[in-house]
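Read through the structure below, which is laid out as structure tokens, and then see the notes.
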Amino acid sequence: TRPIIAINQEETVRAIAWRGCQKSWISSGRMSMFPVLELALRGLRASAAAATRVHPVGGRRPGTSPHGAVTVRCAARSLGTATHSPCTPSGQRNGLKAAHPWLPAARTASTDATLYKMAADYRWIRDNAEEVCVNAEKRGMDVRSVVAELVETYAAFAKAVATSSTARYQQKQLDFKDPTTREQAVALKKMVHEARVAEKTAQQHLWMLARQLPNTTHPAVPVGGETHARVLRVCGEPRRFDFPHKDHVALATRLQILDFPAAARASGEGFYYLLGAGALLELALVQFAMARLVGAGFKPVLTPDVARESTVDNCGFQPRGEATQVYRLDPSHGSGLGDLCLVGTAEIPLAALNAGTVVPEQTLPLRYAAFGHCFRAETSAGAKSRGLYRVHQFSKVELFCVTTEADSDAQLEALVATQAGLCDELGLHYRVLDMPTLELGAPAHRKYDIEAWMPGRGEFGEICSASNCTDFQSRRFDMRYRSQPDGKVRFTHTVNATAIAVPRIMVALLENGQQADGSVVLPECLAPYMLGHTTIMPPDRHEPPC
């Protein structure tokens with residue numbers, strides 16, 4: 001499909017002003033008052049003229065709008081009919097910056113459109129079908145029927161492409177006005193149309209099949225389940241108690257900083273109130289992490305807590321099905337955007353941040369530190385999941401890196417080193433694990449977990465993880481870079497990691513920092529963010545504000 005997007009110039013200026021300047025100098029929309037916006041609009045025009053066919057309205061050329069607008073005609077980047085923003089061929093997107101649109105996105109009033117077409121390497125899958133199947137089996141997935149169907153569909157797709165190409169070539173050799181060849185020309189035209197329909201149908205089916213396949217697996221990843229995780233290193237020493245120690249729920253209840261029963265009445269099981277010093281502790285952990293990360297060169301981001309269903313799916317999470325952990329919103333109460341979901345991690349909106357772009361290699365890696373709220377429908381019974389360890393809503397600081405294929409392994413190690421540095425400052429006893437194949441999920445090529453010692457559980461508990469997703473997400477979000485010096489366009493790699501998952505860090509800090517008198521001593525690094533306090537006192541020894 002080749003959709004047309006009409007852009008009214010005055011609306012463009014106002015949209016740029018509102019998005020870029022927020023509450024500032026919007027008046028009549030006169031461009032002389034907005035030199036920056038004028039340059040932005042000029043850049044938009046120049047990029048559109050260079051990358052697409054742009055027709056200024058004034059003569060109603062074919063493909064122009066009759067409503068005083070500039071019409072941009074471009075190849076669709078999705079298999080649906082909705083478009084996200086003005087789009088250009090994949091190698092020419094820098095000008096329009098589809099992932100950071102100045103213009104309001106075109107909306108569809110019905111379904112949740114898939115905004116970016118997955119660019120799977122179908123030929124590689126066909127040529128390495130057995131390897132793909134074995135890789136999936138190591139992850140506990142049976143995809144043999146999917147791969148077999150994909151190979152068959154790819155053959156049909158290749159045949160349709162060849163038929164269409166041959167028929168178009170023969171068609172160009174004929175003259176429709178010549179009575180002697182008119183019948184043959186009409187037949188060729190029909191053949192081209194049928195071949196294109198078959199090509200599109202096969203392409204859509206290929207796309208849906210390829211989305212069911214997991215990422216490749218790093219050769220060093222252990223094979224098996226959780227018990228096969230490889231311990232890479234252990235840091236710090238476990239806390240030794242000379243008094244009966246408590247778990248974090250008993251501690252926090254005694255300190256009156258955590259209330260599960262009230263939250264259950266208000267919202268249901270698995271939710272909680274943080275009160276007093278508990279609320280300050282969450283804010284302190286977030287500010288501590290962001291301060292360290294920004295100082296290390298990460299760009300701070302505040303992400304949406306809601307994402308399109310297609311965005312969640314592109315990241316490798318399952319928004320539907322019995323095993324889903326995703327909360328889906330009622331589309332009938334949406335804003336015409338289709339099905340929306342509450343995000344389970346800031347990784348999801350971060351992955352979509354640069355969707356549809358081609359960036360220069362010299363700008364990589366792009367490193368982000370994002371604060372967001374996480375919503376997960378997962379539930380688990382038992383003492384080991386008691387209290388804050390597994391909840392439906394929590395706050396988290398997420399790390400996300402966009403880089404090249406040659407650099408992604410190094411970036412994964414760098415993110416793990418960053419996580420370890422935060423754990424060291426917080427005084428935690430922790431270990432780093434190389435997770436086995438059954439723990440990778442669909443998107444991860446390799447995954448590390450960091451587990452902290454939690455005395456209330458009597459064992460280590462996961463507090464953060466880091467994953468190299470290679471080009472698994474980039475191919476779904478159409479994220480690429482222009483390499484140097486050859487200028488070729490390649491898919492980026494994405495790497496993500498948890499910096500601070502607030503509830504689980506709180507579990508470790510409360511249980512390891514507890515004292516015989518019921519108070520809790522916190523790490524000195526949090527003092528600047530706890531109003532100078534490092535001790536949470538019981539109510540009978542209360543010292544404001546903690």
Side-chain angles (χ1 to χ4, degrees), residues 77-78 84 98-99 112-120 136 139 141 207-208 210-217 301-321 323-329 337-357 366-378 394 396-403 408 411-412 415 435 439-448 464-480 491-499 501:
R77 297 301 304 168
S78 71
H84 175 60
D112 181 10
T114 301
L115 303 181
Y116 299 98
K117 183 169 71 173
M118 178 180 171
R139 292 168 175 251
M141 302 171 62
W207 181 20
M208 298 309 298
R211 295 177 76 86
Q212 302 177 48
L213 303 178
N215 199 354
T216 57
T217 305
V301 183
L302 294 178
T303 60
D305 291 334
V306 174
R308 292 176 181 268
E309 186 177 304
S310 57
T311 302
V312 176
D313 185 57
N314 283 344
C315 280
F317 298 94
Q318 298 292 332
R320 293 177 180 269
T324 185
Q325 297 179 6
V326 178
Y327 285 110
R328 295 177 58 247
L329 303 182
L337 292 174
D339 290 344
L340 297 175
C341 304
L342 297 177
V343 298
T345 169
E347 173 193 346
I348 295 170
L350 283 174
L353 180 60
N354 294 287
T357 61
L366 304 175
R367 301 199 302 165
Y368 303 103
F371 169 74
H373 299 101
C374 307
F375 302 87
R376 300 183 183 180
E378 59 183 342
F394 59 95
K396 185 172 70 158
V397 177
E398 181 78 6
L399 304 177
F400 195 85
C401 179
V402 180
T403 187
S408 61
Q411 288 299 324
L412 176 64
L415 292 188
M435 299 307 290
E439 297 295 316
L440 295 180
H445 177 69
R446 191 174 195 178
K447 177 185 174 186
Y448 294 132
C464 53
S465 63
S467 301
N468 181 359
C469 295
T470 63
D471 61 356
F472 183 90
Q473 294 171 338
S474 297
R475 286 181 175 272
R476 287 157 172 75
F477 283 111
D478 194 18
M479 293 187 289
R480 314 188 207 193
F491 285 103
T492 60
H493 279 203
T494 59
V495 187
N496 66 80
T498 305

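Residue indices begin at 1 and follow the sequence shown. All values below come from the heavy atoms of this structure, side chains included, with hydrogens, waters and symmetry mates left out.
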Over all atoms of both residues, closest heavy-atom pair of Ala351 and Phe400: CA-CZ, 3.6 Å

Side-chain (His445) to main-chain (Thr216) donor-acceptor, under 3.5 angstrom: yes

Closest approach of Gly344 to Cys374 (non-hydrogen atoms, all atoms of both residues): O-CB, 3.2 Å

Side-chain donor/acceptor of Arg139 to backbone N/O of Asn215, under 3.5 Å: yes

Closest non-hydrogen atom pair between Ser408 and His493, with its separation: OG-ND1, 3.0 Å

Value rounded to 0.5 Å, distance of CG in Leu440 from OG in Ser467: 7.5 Å

Plane angle bin for His373 and Phe371 - parallel if under 30°, tilted between 30 and 60°, otherwise perpendicular: perpendicular

Over all atoms of both residues, closest heavy-atom pair of Leu350 and Glu398: CD1-CG, 4.2 Å

Validation row: Arg328, Leu340 side chains within 4.5 angstrom (heavy atoms): no

Point-to-point distance, once rounded to the nearest 0.5 Å, from CD1 of Ile348 to CZ of Arg308: 14.5 Å

Distance (rounded to the nearest 0.5 Å) between Ser474 OG and Arg480 CZ: 10.5 Å

Sub-4.5 Å side-chain heavy-atom contact between Thr470 and Phe491: no

Residue pair Gln212, Met141: steps toward the side chain to side chain contact (heavy atoms under 4.5 Å, CB included) verdict: CA-CA 10 Å; Gln212 302 177 48; Met141 302 171 62; over 6 Å; no

Separation between CG of Leu399 and CD of Glu347, rounded to the nearest 0.5 Å: 11.0 Å

Leu342 CG to Arg376 CZ distance, which is reported to the nearest 0.5 Å: 12.5 Å

Side-chain touch Tyr368/Asn354, heavy atoms, less than 4.5 angstrom: yes

Exam field: side chain Arg446 to backbone Asn468, donor-acceptor pair closer than 3.5 Å: no

Worked check of side-chain hydrogen bond (donor to acceptor under 3.5 Å, both in side chains) between Thr494 and Gln473: CA-CA 7 Å; Thr494 59; Gln473 294 171 338; 2.8 Å; yes

Side chains of Leu329 and Val306 in contact at under 4.5 Å (non-hydrogen atoms): yes

Closest heavy-atom pair and its distance - Val312, Ala307: CG2-CB, 4.2 Å

From Thr345 atom OG1 to Asn496 atom CG, the distance as rounded to the nearest 0.5 Å: 7.0 Å

Heavy-atom closest pair, residues Phe477 and Ala352: CE2-CB, 3.8 Å

Side-chain (Arg211) to main-chain (Trp207) donor-acceptor, under 3.5 angstrom: no

